[in-house]
Structures are given as C-alpha cells and as structure tokens.
Amino acid sequence: MAGGARYYGWTIAWALGATTTVSWGILFYAFSVFLRPMEADLGWTRAELSGAFTIALVVSGLVAPIAGRWIDRHGARALMTGGSILGTLLLLAWAAVRSLPPFYLVWTGIGVAMACTLYDPAFAVLARWFDRGRGRAMMIVTLLAGLASTIFLPVAAWLVELQGWRAALVSLAVILAVATIPPHALLLRRRPEDLGLDPDPPLEPASRFAAPTAGSAVGGSFRSLLTYPPFVWLAVAFWLYGLASVGLGIHLVPYLSERGYPPTLAALATGAVGAAQLLGRIAFAPLEGRVPRRWLVAATLGAQPLALLALLGVPGEPGLYAFIVLFGISRGAATLARATLVASRYGPARFGAVNGALSLAVTFAHAFAPVALGAAHDVLSSYEPALWVLLTLGVVATAAVVLAEPD
C-alpha cells in the first residue's frame with residue numbers, strides 16, 4: 001500500500017528527521033559555542049577560528065554535487081552511514097588539536113561529513129520515495145531538524161561549562177555515533193521499488209502555482225544550469241541570503257555576549273531561532289500552491305533583512321525577540337522553499353544532482369560569511385557595521401528571487 005500509513009517511506013522520513021537533527025546540531029550549530037573557549041585557551045583569533053568553518057562549508061559545497069549524483073545512482077545508505085562515522089571520528093580528532101593546521105584538516109573532513117548527512121542527501125532520498133507526500137515528508141524532516149540549534153546549542157554550552165571544551169567534544173561524538181550511525185545503516189533504502197512498492201501516487205490535482213515548469217527540460221549538469229537564467233537568479237538569491245543566514249548563525253552567540261547577555265542566555269536565544277524556524281515551516285506548507293510561488297519565496301527571504309533591522313534598530317529585549325521570530329521564520333521556510341522549488345522544477349530523478357549543483361553555487365556565500373564576519377570583528381571590534389551590510393544584501397536577495405521564479 002504505497003500511500004498508506006504503513007508505507008515504508010514514512011519510516012525513512014522520521015528516521016532522517018531524527019538523524020539530521022543530531023547531525024545539524026553537532027556538526028554545524030555547536031561550532032559557535034566553541035569559539036570563545038577555544039580563543040581563550042589556544043590564543044587564536046576569531047577570524048582564524050571561523051576560517052575552519054569556512055573551509056568545511058567550501059568542501060561541503062564542492063562535495064554536494066558528487067554526493068547528489070551518487071544518491072541518484074546508488075542510494076544514500078552507504079553514503080550517509082559513512083558520513084556519520086567520519087563525523088564521529090573527526091569530533092574526537094578536534095578534541096585533540098593544539099595547532100591550526102590539524103584544526104583546519106579536521107574541518108576539511110567535517111565538510112565532507114556535512115555533505116553526506118545534512119539536508120541535501122536527506123531531501124534526495126525523500127524525493128525518490130515520495131510524490132504526493134513529498135512536501136509532508138520534507139516538512140517532517142525540517143520540523144524535527146529545526147530544533148537542532150534549540151537542543152544542541154544549550155547542550156553544548158552546558159557540556160563546555162561542565163567538562164571543558166575538549167571533553168565536551170568527546171561527549172558530542174558519542175551522541176552523534178549512537179543517534180545517527182545505526183539508523184542510516186539499518187533503515188535507509190535506495191528506492192521503494194527495492195521493497196516492491198511504488199512512490200505514493202499523485203492523487204490530487206496539481207496547483208496552478210506548483211506545477212512543473214520548463215526547467216524540467218534543462219540538464220542537471222552544473223554547466224548546463226549556468227545557461228538557464230531562472231537557475232542563475234535562484235543561485236544569486238540564495239547566495240546573498242546565505243551570507244546572513246550562515247554568517248550570523250555562527251557569530252550570534254559571541255555577538256549577543258558582547259552586547260551584555262550571559263553566554264548561556266545568548267546560546268538559549270540563538271537556540272530559540274531554531275524553534276522559530278518551526279513556525280516558518282508550518283506556515284510554508286499550506287501556503288504553497290495557494291500563493292504565487294515567486295511572492296511566497298520573496299516573502300520568505302524578505303523576512304531576513306526585517307529581522308536584522310529589528311536586531312540593530314530596536315534596543316533591548318523587544319528587538320531581540322522580534323529578531324528571533326523573523327529570522328527563525330525566514331530560515332525555516334527558506335529550507336522548504338529551496339527544496340520544493342528544485343523538486344517541482346527538475347523532478348525527483350535528478351533532484352540530487354540539481355540540488356547539489358545549487359549547493360555548489362551558494363556554498364561560497366556560506367563559506368565566506370563566517371570568516372568575513374570574524375575578520376570584520378577583529379578589525380572593527382564590532383559586528384554591527386557588517387550586519388548593516390548583510391541587511392542591504394538581504395534586500396537584494398529578495399529582489400533576485402522574484403526574477404528567479406516566474407508565476
């Protein structure tokens with residue numbers, strides 16, 4: 001029974017929701033908690049520390065198209081299991097580093113682990129297992145993983161305070177291994193046909209706003225996509241959007257700490273952004289198909305510069321609370337917007353390759369932003385001038401996505 005309650009695809013969706021939550025929380029979000037204790041212990045600058053995360057993001061983007069093509073051809077079981085094992089071993093190596101070259105080497109490997117365990121491979125799996133239920137399956141994963149920062153920023157901060165930063169990394173490595181390796185190895189399957197099933201059938205008529213477009217005729221290679229203007233505008237939009245989304249996500253804890261918030265409270269506030277992401281994902285699903293796609297995605301991206309305006313322009317806790325809600329809603333909805341745009345335009349058979357190409361296109365924004373913010377802080381002793389620049393670029397990103405997606 002392909003579309004019923006016992007359809008195995010739902011088991012995969014819930015399993016990936018759990019594993020991506022842990023992988024995002026430990027491999028991605030927890031890094032910001034370790035910036036200040038490592039800076040104090042090892043004497044490295046904020047830019048030097050952020051540079052490791054930049055390396056990881058560059059590597060992750062470069063590996064993403066390869067991982068996507070692998071999943072399209074072979075499935076995700078071996079890839080995601082190997083990524084979890086690699087991530088676990090590298091967290092243990094990170095706990096032992098005492099100089100910058102090994103630290104950067106560790107984060108080069110973590111970039112590979114990210115490409116094999118985060119949203120891109122999970123969405124490629126779900127695109128193959130679901131048709132009618134694809135949006136719901138992706139929402140399950142993103143709703144659970146939206147709690148990654150909410151859970152793991154406070155947990156990481158508590159472990160650092162209790163154990164010190166090196167022992168805290170060992171504890172996180174154990175959590176990553178136990179929570180992700182067995183589900184990836186035991187539960188993932190390449191496609192429903194391997195179990196004698198069909199993807200859940202498209203029983204409902206397609207919305208006039210969600211129907212596949214001419215992009216379904218475009219090749220999946222990065223070179224061919226660069227000649228397709230809607231893809232180029234989409235890449236520009238998410239490239240600019242990612243500057244603030246990733247850069248501020250990494251530096252928000254130290255930024256709030258410098259504004260006078262205690263480190264634990266700063267971590268909790270940053271984690272609350274993850275909880276606010278759930279609001280964006282819950283709101284996006286029912287609006288998709290009812291609102292013209294370009295305006296829905298434009299509103300999603302446009303909430304980010306509004307969030308930065310609240311953070312910078314509204315003093316005290318009201319500005320912080322408004323930022324948490326707007327920034328979280330934008331980040332949450334943007335994840336679904338990107339995945340559903342690719343799936344609807346290019347189809348499930350090439351989702352891994354095309355989404356990997358888009359990841360490569362935007363990865364340099366993700367990589368550049370953390371180290372640029374760290375360097376700006378080192379030079380200016382303040383994050384705020386750089387945040388005003390990010391606000392302006394967020395407005396440009398909103399305009400670019402309008403050009404990317406015809407009605």
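- A donor-acceptor distance shorter than 3.5 angstrom exists from the side chain of W129 to the backbone of R189, with no hydrogens or angles considered.
- L118 approaches W24 most closely through the heavy-atom pair CD2-N, 3.7 Å.
- Using a distance-only test at 3.5 Å, with no hydrogens or angles considered, a donor-acceptor pair links the side chain of Y8 to the main chain of L187.
- In this structure, the side chains of V253 and S257 come closer than 4.5 Å at one or more pairs of heavy atoms.
- Under the 3.5 Å distance criterion, the side-chain polar atoms of R338 are left unmatched by any main-chain donor or acceptor of F238.
- Judged as a side chain to side chain donor-acceptor pair (under 3.5 Å), not a single pair has a partner in residues 96-109 (not counting sequence neighbours).
- A pairwise comparison of heavy atoms in G111 and V59 identifies C-CG1, 4.0 Å as the closest pair.
- Taking all atoms of both residues into account, the shortest heavy-atom contact from T21 to A148 is O-CB, 3.3 Å.
- In this structure, the side chain of T142 engages the main chain of M138 through a donor-acceptor pair within 3.5 Å.
- Judged by distance alone, the side chain of S330 and the main-chain N or O of T300 form a donor-acceptor pair under 3.5 Å.
- Distance CG/L306 to CG/L391: 8.0 Å, rounded to 0.5 Å.
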> How far apart are the C-alpha atoms of L42 and F103, what are their side-chain angles, what is the distance that settles it, and do they pass the side-chain contact (heavy atoms from CB on, under 4.5 Å) test?
Replying inline: CA-CA 11 Å; L42 300 171; F103 182 55; over 6 Å; no
Side chains of residues 170-182: which donor-acceptor partners sit under 3.5 Å, not counting sequence neighbours?
unit_1: S171; atom_1: OG; unit_2: Q163; atom_2: OE1; d: 2.9
unit_1: S171; atom_1: OG; unit_2: Q163; atom_2: NE2; d: 3.3
unit_1: S171; atom_1: OG; unit_2: A167; atom_2: O; d: 3.4
unit_1: T180; atom_1: OG1; unit_2: S84; atom_2: OG; d: 3.1
unit_1: T180; atom_1: OG1; unit_2: L176; atom_2: O; d: 2.6

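- At distances below 3.5 Å, not a single donor-acceptor pair connects side-chain atoms of R128 with backbone N or O atoms of F123.
- For the residue pair Y383/R46, the side-chain donor-acceptor check at 3.5 Å is satisfied.
- The side-chain contact (heavy atoms from CB on, under 4.5 Å) test applied to L169 returns F34, L91, W94, A95, W165, not counting sequence neighbours.
- Every residue meeting the side chain to side chain donor-acceptor pair (under 3.5 Å) condition with R259, not counting sequence neighbours, appears here in chain and number order: Y255.
- Proximity of a side-chain donor or acceptor of Y241 to a complementary backbone N or O of Q304 within less than 3.5 Å is not detected.
- The minimum heavy-atom distance linking L144 with A18 is given by the pair CD1-N, 4.0 Å.
- Listed by chain and number, the residues in a side chain to side chain donor-acceptor pair (under 3.5 Å) with Q277 are R281 (sequence neighbours excluded).
- Residues forming a side-chain contact (heavy atoms from CB on, under 4.5 Å) with A47 (at least two apart in sequence, or on another chain): T45, A375, D378.
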> Could you go step by step and tell me if T117 and T19 meet the side-chain contact (heavy atoms from CB on, under 4.5 Å) rule?
Replying inline: CA-CA 8 Å; T117 59; T19 62; over 6 Å; no
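- Residues T398 and L301 come closest through the heavy atom pair OG1-C, 3.6 Å.
- No side-chain heavy atom of V112 sits less than 4.5 Å from a side-chain heavy atom of L90.
- At a cut-off of 3.5 Å, with distance as the only test, no side-chain donor of S382 or H377 sits close to an acceptor on the other residue.
- T81 contributes no side-chain N or O that, together with a main-chain N or O of A78, makes up a donor-acceptor pair within less than 3.5 Å.
- Heavy-atom contacts from other residues, nucleotides or ligands closer than 6.0 Å to CH2 of W44 number more than 12.
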>> Could you walk me through whether L309 and L326 satisfy the side-chain contact (heavy atoms from CB on, under 4.5 Å) test, starting with their C-alpha distance in whole Å, then the side-chain angles of each, then the deciding distance to 0.1 Å, before giving a yes or no?
In response: CA-CA 10 Å; L309 184 63; L326 289 170; over 6 Å; no
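- With rounding to the nearest 0.5 Å, the separation of OH in Y119 from CG in L126 is 11.5 Å.
- Distance check: R190 CZ to R77 CZ gives 13.0 Å after rounding to the nearest 0.5 Å.
- Note that NE2 of H184 is 9.5 Å distant from CG of L79, once rounded to the nearest 0.5 Å.
- In this structure the side chain of L16 reaches within 4.5 angstrom of the side chain of M80, judged on heavy atoms.
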> Stepwise, does the ring pair (Phe, Tyr, Trp, His ring centres under 6.0 Å) test hold for F28 with F152?
Replying inline: CA-CA 10 Å; F28 190 93; F152 283 98; over 10 Å; no
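- Atom CG of L387 and atom CG of L312 lie 5.0 Å apart (nearest 0.5 Å).
- Counting heavy-atom neighbours within 6.0 Å of W388 CH2, excluding the residue itself, gives a total above 12.
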> Do L248 and F323 pass the side-chain contact (heavy atoms from CB on, under 4.5 Å) test, and can you show the C-alpha distance, the side-chain angles, and the key distance before you say yes or no?
Replying inline: CA-CA 12 Å; L248 188 54; F323 166 81; 3.6 Å; yes
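- No donor-acceptor pair closer than 3.5 Å links the side chain of T11 to the backbone N or O of Y7.
- The side-chain heavy atoms of W10 and R136, taken from C-beta on, include a pair separated by under 4.5 Å.
- Note that OG of S32 and NE2 of H251 are 9.5 Å apart. Values are rounded to the nearest 0.5 Å.
- Pairing each heavy atom of A333 with each of G280, the nearest pair is CB-O, 3.6 Å.
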